[in-house]
J.: 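One structure, pasted below without further comment.
Note that ligands are numbered from 1 as they come in the structure, with each ligand's atoms numbered from 1 the same way.
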Amino acid sequence: MSSIDTKLVQHIRTPFFYYNMDLLSETIQKVKTESEKYGFVVHYALKANSNPKILKLISDNGFGADCVSGNEVLKAIENGYDPDKIVYAGVGKSDWEINIALDHNIYCFNCESVPELNVINDLASAKNKVAQVALRINPNINVQTHHYITTGIEENKFGINMWELYELIELIVKLKNIKLIGLHFHIGSQIRDLMSFKNLCLRINEIQKWFINQNIDIEEINVGGGLGINYEKPWAEPIPDFSNYFALFDSLLELLPGQKVHFELGRSMVGQCGSLITKVLYVKKGVNIDFAIVDGGMTELIRPALYQAYHNIENLTSKLPKKKYDVVGPICESADYFGKSVDLPETNRGDFIEIQSCGAYGEVMASTYNSRNLVKAYYSNEIK
Ligand SMILES: *Cc1c(COP(=O)(O)O)cnc(C)c1O
């Protein structure tokens, strides 16, 4: 979201990421008040943005961490997250990564397969420890989002399928260095339709009943993350509707006495607070539409190239009448674009362009392809 004063950033070399820390604070406060109403536990999904300043602001507010690699576990701890509030998911945890998590006594491994359970048990046994685990169950729910970011249908690599459960629970009682504490779900990302979460709740209730019938005690339910943000009109919805989101889980989940509900939110907590600021290098004539060629590219923000994602784009400097442009980067790939047929005030060399809603899955996915430099981040509370 734009809060940026172009005069203040004129001297900064472009492209760069700009974070609106006031908006981030407000968003975090909202997550906190809305989740605490129901006693929900929220873990921030580090993979959305693992910038230390952002990680610290979130950990200072008492949130837990959701990690998907050994280095993320270490990063979470370095940035103030309590190991007792760290959960660790991922289909391919290496032995050294599991060992890191065991050494730091993290709260819970979200296990994604039968062989993984065996490995965690062996490694925990070697350290004379008992690892707490939740089973990541694939609830076979399809959601309306880009197919690269659905995770909860059977053909995805994620989670344990329902038909594997009989075998699994027979195994789990034999594994002495594992303690099953919960069930974990995560159905995908950028989910804007709350119906998908409603379906998830109903499936969780069915699955819980199955476990109760097997006389297996489940202390907690982790419903994952995935709440989407408004990329089309970020100004209209700078903070996602956490109020209805948490209320839905509260009203639909049938919990056992004392059962705790955990969430793993990434995008919805940080997505709207970041922008990519880039400068126009050239305006080039095209056949039907002109190109605004900017100095930022897919190396800084890969979402349009990878997911055909839409980002709102503003020209921060021009006040001229509007025209249409394809806004493209300098990388040697046709997929290197930020927007097609974008309405912008007439754009010229040197104009500042803001690509909005880049706080999640932006800077963390940056690469050095074409031997480019990784770009810097600036924070609203430091350049005022
Ligand atoms: C990525 C991920 C999340 C966070 O997803 P968002 O869509 O950013 O909220 C949560 N849990 C798991 C297991 C993940 O892989």
J.: Please, which pairs that meet salt bridge (Lys or Arg N to Asp or Glu O under 4.0 Å) have at least one residue in residues 96-110, sequence neighbours excluded?
T.: Asp103-Lys127
J.: Can you list, pair by pair, the side-chain donor-acceptor contacts under 3.5 Å of residues 171-183, counting residues two or more places apart and other chains?
T.:
from	atom 1	to	atom 2	distance (Å)
Lys176	NZ	Val173	O	3.0
Asn177	ND2	Lys129	O	2.9
Lys179	NZ	Glu219	OE2	3.1

J.: Table please: side-chain donor-acceptor pairs of residues 54-68 below 3.5 Å, with sequence neighbours left out.
T.:
from	atom 1	to	atom 2	distance (Å)
Ser59	OG	Leu55	O	3.4
Ser59	OG	Lys56	O	3.2
Ser59	OG	Asn79	O	2.7
Asn61	OD1	Gln29	NE2	2.9
Asn61	ND2	Leu57	O	2.8

J.: We want to know whether Glu220 and Asn222 form a side-chain donor-acceptor pair, criterion being a heavy-atom distance below 3.5 angstrom.
T.: no
J.: Note down each nitrogen or oxygen pair, ligand 1 side and protein side, whose separation is under 3.5 Å; give only atom names and the distance to 0.1 Å.
T.:
from	atom 1	to	atom 2	distance (Å)
ligand 1	7 (O)	Ser189	OG	2.4
ligand 1	7 (O)	Gly226	N	3.4
ligand 1	8 (O)	Arg267	N	2.8
ligand 1	8 (O)	Tyr361	OH	2.6
ligand 1	9 (O)	Gly226	N	2.9
ligand 1	9 (O)	Gly266	N	3.0
ligand 1	11 (N)	Asp66	OD2	3.2
ligand 1	11 (N)	Glu264	OE1	2.7
ligand 1	15 (O)	Lys47	NZ	2.7

J.: So which atom in Pro15 and which in Leu276 form the shortest heavy-atom distance, rounded to 0.1 Å?
T.: CB-CD1, 4.2 Å
J.: Any side-chain donor-acceptor pair under 3.5 Å between Gln190 and Tyr361?
T.: no
